[in-house]
Engineer: 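Please read through the structure below; I'll follow up with questions.
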Amino acid sequence: MSEERSLNFLEEIVEENIAAGVNGGAVLTRFPPEPNGYLHIGHAKSICLNFGLAKKYNGKTNLRFDDTNPTKEDIEYVDSIKEDVKWLGFDWANEFYASDYFDKLYELAVELIKNNLAYVDDSTAEEIAAQKGTPTEPGTPNQYRSRSVEENLQLFADMKAGKYSDGAKVLRAKVDLASPNMHLRDPLMYRIKHAHHHRTGDAWCIYPMYDFAHGQSDAIEHITHSVCTLEFVPHRPLYDWFIEQLELFPSKQYEFARLNLNYTVMSKRKLLQLVEEKHVEGWDDPRMPTISGLRRRGYTPASIREFCDRIGVAKRENMIDVGLLEFCIREDLNKTAWRRMAVLDPIKCILTNYPEGETEIMHGENNPEVEDGDGSREFPFSRELWIEREDFMEIPPKKFFRLGVGLMVRLKNAYIIRCNDFVKDADGNVTEIHCTYLPESKSGNDTSGINVKGTIHWVSVPHAKTAEVRLYDRLFQVENPQHEEGDFKDYLNPNSLQVIHTAYIEPDLANATPGKAIQFMRKGYFTLDKYSTQDKLVFNRTVTLKDGWVKK
RNA sequence: UGCCUGAUAGUAUAAUGGUAGUACGACGGUUUUUGGUACCGUUUGUCUAGGUUCGAAUCCUGGUCGGGCAACCA
């Protein structure tokens, strides 16, 4: 806990409420996803907020599925959402579904009809839209608005009984057709949908709308602080209206600005499109901003929570730089990831003065950030090594602390070598580098007295294992694809995935497991892909290391 | 141009009438067997015009700019 950290506006509201004794000082929040897609980093902000607020003030949080539209929802999404929330590290007090309340909601609707505050309307969707007027012109009542309570009661019962086809009738709240707030112009409460629901099956053919389900569900559960995003601000008067008319538990709605991350999209509709049109592998493609994508990419729950904490909460529209997310994962992984060596773009380096056929065992600590190195591992050294192609230059510029003819570097956890020569093929590509090693410079008992600026990673040729390595870059080429002209998909980054089919890795890496982060020294943080096999290891790059080396 | 809502360094976020601060970024340096990490330093800001006040990022008025609202979606 950082001392003297100032409160965000939601915490201020909660503290004021507690001080004033509202609801006896209780704090009960909820996280209310619709099970129509996978959770993304924006949901993580909401999850951290709702669970965090409750935890801070000794309250609880319910997980409630807002499952009032059976045609878009599926049990697959329910399962993934539960998995993701748990993975993020949160436990809900209760698992509820808006569909649990269908009977109760029906009763409440009947109550409104009895109080002459709701009516059955036979108009088509188009007619209703036209009769609602425009933002500058008031709506006009139709003939159905004045139906008697008895008739409405009967018609609504008939709607429930399945006497009408989809779209034939709706139930509307009788609020104010002239309201400057469009949401108050007799909003729909129920529509007819002869559709199978993933939980209630075929028990219902009428389903409540968001505005007549969400607030009522909050009230039924005695949610004290119903936290949602800014686009629901205009719904709040209606949220309050229903609760007042029905004299329910006084849940209150508060709104914050949703998370926007640059170089990606966050709307479920757009993410669904990317999946369906195969621009990505699936919801858990490591380039996706989904929780499952981030998990597969190698992000940790702690790093995502830290990110949500750092971005703060306010009511102002924001665009967070993805660099902050990357900072959070680097910060976490630097302290936990074991260091290993892997050569992604190999070139052969031959130590001409090292005996052929000889092998030495070298040692390296798992993580220098941890006391005693978090243990160590062994790896073989020999005459022929794979090194990174970019660690050699034919004509090295000033301050190039790597290899070039006449230059010396330290091989990590091994010897200092000097580059003497190199071999080119017919096309002018460098194919081999010839070096000599300094026998007295071995790591651990270096008596050479020589200091070199650069240290490079390497893997012994005869001992190396191979793996496929996937390098990910931002999904889009522009900061805000949604804001650009035309189709957002026109702005996809064609190089968001680079596959390296054969990278050479040190033998110990055969023991990698998905979710366990590894730092390929000098290259970045990686994790084994969830679909990797023993026969073909696949590593995903979570994030690069910060690179302070600027080429000129 | 009806209603709602917001505006503080490049990006976020504090300061709640009393010294505009913090983080990320960028730039420079020290340390380093990762050009990583760590540490140190530098950098840049109150949308605008008035008003109230000893004093305004904060309160008031006008303007400007951004976001949202007219789904039988949530």
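Everything numeric here is computed off the predicted structure, so don't read it as measured data. Numbers restart at 1 for each chain; the letters A, B, ... are given by sequence-line order, proteins then strands.
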Engineer: For the side chain of A:Lys546, counting heavy atoms from C-beta on, which of B:G25, B:C73, B:A12 is nearest?
Structural biologist: B:G25
Engineer: Respond yes when some side-chain nitrogen or oxygen of A:Ser6 is under 4.0 Å from OP1 or OP2 of B:U13, and no when none is.
Structural biologist: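 For B:U13, OP1/OP2 do not have a side-chain N/O of A:Ser6 under 4.0 Å.
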Engineer: Can you label the angle between the A:Phe102 ring and the A:Tyr207 ring as parallel, tilted or perpendicular, going by 30° and 60°?
Structural biologist: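 Perpendicular, since the angle between the ring planes exceeds 60°.
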Engineer: Please check if the distance between the ring centroids of A:Phe31 and A:Phe65 is under 6.0 Å.
Structural biologist: no
Engineer: Now, which nucleotide makes the Watson-Crick or G-U wobble pair with B:G35, with each of the two distances under 3.5 Å?
Structural biologist: none
Engineer: Could you tell me how far apart A:Asp309 (CG) and B:U22 (P) are, to the nearest whole angstrom?
Structural biologist: 18 Å
Engineer: With rounding to whole Å, what would you report as the distance between B:A26 and B:G36 at their P atoms?
Structural biologist: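 My reading of the P atoms in B:A26 and B:G36 gives 12 Å.
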Engineer: Please tell me which of the listed nucleotides, B:G67, B:G25, B:A70, lies nearest to the side chain of A:Lys132?
Structural biologist: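 Minimum distance to the A:Lys132 side chain belongs to B:A70.
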Engineer: Rounded to whole angstroms, how far apart are CG on A:Leu324 and C1' on B:A26?
Structural biologist: 15 Å
Engineer: Do the side chains of A:Glu306 and A:Arg310 get close enough for a salt bridge, i.e. N-O under 4.0 angstrom?
Structural biologist: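 Between A:Arg310 and A:Glu306 there is a salt bridge, with a charged N closer than 4.0 Å to a carboxylate O.
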Engineer: Applying a 4.0 Å non-hydrogen cut-off, can you work out what A:Lys399 is touching in the nucleic acid: base, sugar-phosphate, or nothing?
Structural biologist: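 Base contact.
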Engineer: I'd like to know if A:Gln519 reaches the base of B:U34 with its side chain such that a donor and an acceptor end up less than 3.5 angstrom apart.
Structural biologist: yes
Engineer: Using only heavy-atom distances, decide whether a donor-acceptor pair under 3.5 angstrom links the side-chain of A:Arg316 to the base of B:U13.
Structural biologist: no
Engineer: May I ask you to say what A:Asn181 touches in the nucleic acid, namely base, sugar-phosphate or nothing, with a heavy-atom cut-off under 4.0 Å?
Structural biologist: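 Answer is nothing: A:Asn181 stays at 4.0 Å or more from every strand.
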Engineer: Would you say the ring centers of A:Tyr210 and A:His214 fall short of 6.0 Å from each other?
Structural biologist: yes
Engineer: Starting at atom CH2 of A:Trp204, determine the distance to atom P of B:C72, rounded to an integer number of angstrom.
Structural biologist: 21 Å
Engineer: What nucleic acid atoms does A:Ala314 come within less than 4.0 Å of, heavy atoms only: base, sugar-phosphate, or nothing?
Structural biologist: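 The residue A:Ala314 makes sugar-phosphate contact but no base contact.
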Engineer: Measure NZ/A:Lys315 against C1'/B:C4 and give the value in whole Å, please.
Structural biologist: 11 Å
Engineer: Within the structure shown, what part of the strands sits under 4.0 Å from A:Pro32 by heavy-atom distance: base, sugar-phosphate, or nothing?
Structural biologist: nothing
Engineer: Rounding to an integer number of angstrom, what distance separates B:C47 and B:G6 when you compare their C1' atoms?
Structural biologist: 12 Å
Engineer: Quantified in whole Å, what is the P atom distance between nucleotide B:U1 and nucleotide B:U52?
Structural biologist: 31 Å
Engineer: When the P atoms of B:U61 and B:C24 are considered, how many whole Å apart are they?
Structural biologist: 39 Å
Engineer: Taking B:U44 as the reference, what is the distance to B:A9 when you measure between their P atoms (whole Å, please)?
Structural biologist: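 About 14 Å, rounded to a whole number of Å.
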Engineer: Select base, sugar-phosphate, or nothing to describe what A:Gly444 touches, counting heavy atoms under 4.0 Å on all strands.
Structural biologist: base
Engineer: Using a 4.0 Å heavy-atom cut-off, does A:Asn413 contact any base of the nucleic acid, only the sugar-phosphate backbone, or nothing at all?
Structural biologist: base
Engineer: OP1 or OP2 of B:A74 less than 4.0 angstrom from a side-chain nitrogen or oxygen of A:Arg191, does that happen here?
Structural biologist: yes
Engineer: What is the distance, rounded to the nearest whole Å, between atom CZ of A:Phe401 and atom P of B:U33?
Structural biologist: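 One finds 14 Å between P of B:U33 and CZ of A:Phe401, rounded.
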Engineer: If pairing requires Watson-Crick or G-U wobble contacts with both distances under 3.5 Å, which nucleotide is the partner of B:U64?
Structural biologist: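 The base-pairing partner of B:U64, which may sit in any strand shown, is B:A7.
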Engineer: Can you figure out which of B:A12, B:C3, B:A70 approaches the side chain of A:Pro135 most closely?
Structural biologist: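 Nearest listed nucleotide: B:A70.
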Engineer: To check you understand the geometry: which heavy-atom pair defines the closest contact between A:Leu10 and A:Val227, and what is its length?
Structural biologist: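 Distance-wise, the nearest heavy atoms are CD1-CG1, 4.0 Å.
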Engineer: Between B:U11, B:U37, B:U33, which nucleotide has the shortest distance from any of its atoms to the side chain of A:Met319?
Structural biologist: B:U11
Engineer: Starting from the 5' end of RNA chain B, give me the residue, A:Lys45 or A:His483, whose nearest nucleotide shows up first.
Structural biologist: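 The 5'-side residue here is A:Lys45.
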Engineer: Write down the distance separating the C1' atoms in B:G2 and B:C60, rounded off to the nearest Å.
Structural biologist: 24 Å
Engineer: Which part of the nucleic acid, if any, lies within contact of A:Leu545, taking any heavy atom under 4.0 Å across all strands shown: a base, the sugar-phosphate backbone alone, or nothing?
Structural biologist: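 Base: the residue A:Leu545, judged by heavy atoms under 4.0 Å, touches a nucleobase.
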Engineer: Which nucleotide in the set B:G2, B:C72, B:U34 lies at the smallest distance from any side-chain heavy atom of A:Leu188?
Structural biologist: B:C72
Engineer: Once you apply the 3.5 Å cut-off to both distances, tell me the Watson-Crick or G-U wobble partner of B:G41, or none.
Structural biologist: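 By the stated definition (distances under 3.5 Å), B:C27 pairs with B:G41.
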Engineer: Classify A:Glu369 by what it touches in the nucleic acid, base, sugar-phosphate, or nothing, heavy-atom distance under 4.0 Å.
Structural biologist: base
Engineer: Starting at CE of A:Met182 and ending at P of B:C4, how long is that distance when rounded to a whole Å?
Structural biologist: 15 Å
Engineer: Name the pairing partner of B:A74, where a pair is Watson-Crick or G-U wobble with both distances under 3.5 Å, or state none.
Structural biologist: none
Engineer: Measure from the side-chain heavy atoms of A:Trp549 and tell me the nearest of B:A74, B:G36, B:G35.
Structural biologist: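 Nucleotide nearest to A:Trp549's side chain: B:G35.
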Engineer: Which nucleotide wins on minimum distance to the side chain of A:Ala129, given the candidates B:A12, B:U34, B:A71?
Structural biologist: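 Taking heavy atoms from C-beta onward, the closest nucleotide is B:A71.
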Engineer: Taking atom C1' in both B:G21 and B:C73, what distance in whole Å separates the two?
Structural biologist: 43 Å
Engineer: Looking at B:A12, which nucleotide sits across from it as a Watson-Crick or G-U wobble partner, both distances under 3.5 angstrom, or is there none?
Structural biologist: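 Partner of B:A12: B:U22.
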Engineer: Taking the six-membered ring for Trp and the single ring otherwise, decide whether the centroids of A:Phe379 and A:Trp458 are under 6.0 Å apart.
Structural biologist: yes
Engineer: Given that both distances must come in under 3.5 Å, which nucleotide forms a Watson-Crick or G-U wobble pair with B:C69?
Structural biologist: B:G2
Engineer: Quick one: is B:G35 close enough that its OP1 or OP2 comes under 4.0 Å of any side-chain N or O from A:Arg522?
Structural biologist: yes
Engineer: Could you check, using the six-membered ring where one of them is a Trp, whether A:Tyr415 and A:Phe381 have ring centers closer than 6.0 angstrom?
Structural biologist: yes
Engineer: Rounded to whole angstrom, note down the C1' distance from B:C69 over to B:G28.
Structural biologist: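 Approximately 50 Å lies between the C1' atom of B:C69 and that of B:G28.
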Engineer: Is there a donor N/O on one and an acceptor N/O on the other, under 3.5 Å, for the side chain of A:Arg410 and the base of B:U33?
Structural biologist: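 Per atom types, the contact qualifies.
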Engineer: Answer with base, sugar-phosphate or nothing: what part of the nucleic acid does A:Ser123 contact at a heavy-atom distance below 4.0 Å?
Structural biologist: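 The answer is base, as A:Ser123 lies within the cut-off (heavy atoms under 4.0 Å) of a base atom.
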Engineer: Give the nucleotide from the list B:U34, B:A74, B:G25 with an atom nearest to the side chain of A:Phe327.
Structural biologist: B:G25
Engineer: Between the base of B:A71 and the side chain of A:His183, is one N or O donor paired with an acceptor at under 3.5 angstrom?
Structural biologist: no
Engineer: Over 60° means perpendicular and under 30° means parallel, so classify the ring planes of A:Tyr106 and A:Trp204, tilted if in between.
Structural biologist: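 Plane angle between 30° and 60°, so tilted.
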Engineer: Rounding to an integer number of Å, can you tell me how far A:Asn367 CG sits from B:U37 C1'?
Structural biologist: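 Nearest whole value for this atom pair: 10 Å.
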Engineer: Measuring from A:Arg30:CZ to A:Asn62:CG, what's the distance to the nearest 0.5 Å?
Structural biologist: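 The distance works out to 9.5 Å.
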Engineer: For A:Glu317 and B:G66, give me the distance from atom CD to atom P, rounded to whole Å.
Structural biologist: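 Rounded to whole Å, this separation is 13 Å.
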Engineer: The side chain of A:Asn69 is closest to which nucleotide in this list: B:A74, B:G2, B:A70?
Structural biologist: B:A74
Engineer: In the strands shown, is B:A56 matched to any nucleotide by a Watson-Crick or G-U wobble pair with both distances under 3.5 Å, and which?
Structural biologist: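 Base partner found: none.
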Engineer: As a test of reading the structure: which of B:U34, B:A71, B:A74 is closest to the side chain of A:Lys72, going by heavy atoms?
Structural biologist: B:A71
Engineer: Please evaluate the base of B:U33 for a donor-acceptor partner in the side chain of A:Ser443 within a cut-off of under 3.5 Å?
Structural biologist: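 Counting by modelled atom types and ignoring angles, a donor-acceptor contact under 3.5 Å is found here.
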Engineer: Under 6.0 Å between ring centres: does that hold for A:Phe520 and A:Phe539?
Structural biologist: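 Ring centroids of A:Phe520 and A:Phe539 are less than 6.0 Å from each other.
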Engineer: Would you kindly compare A:Phe9 and A:Val233 by the position of their nearest RNA chain B nucleotide and give the one closer to the 5′ end?
Structural biologist: A:Val233
Engineer: Using a 4.0 Å heavy-atom cut-off across all strands, classify A:Tyr207 as base, sugar-phosphate, or nothing.
Structural biologist: nothing
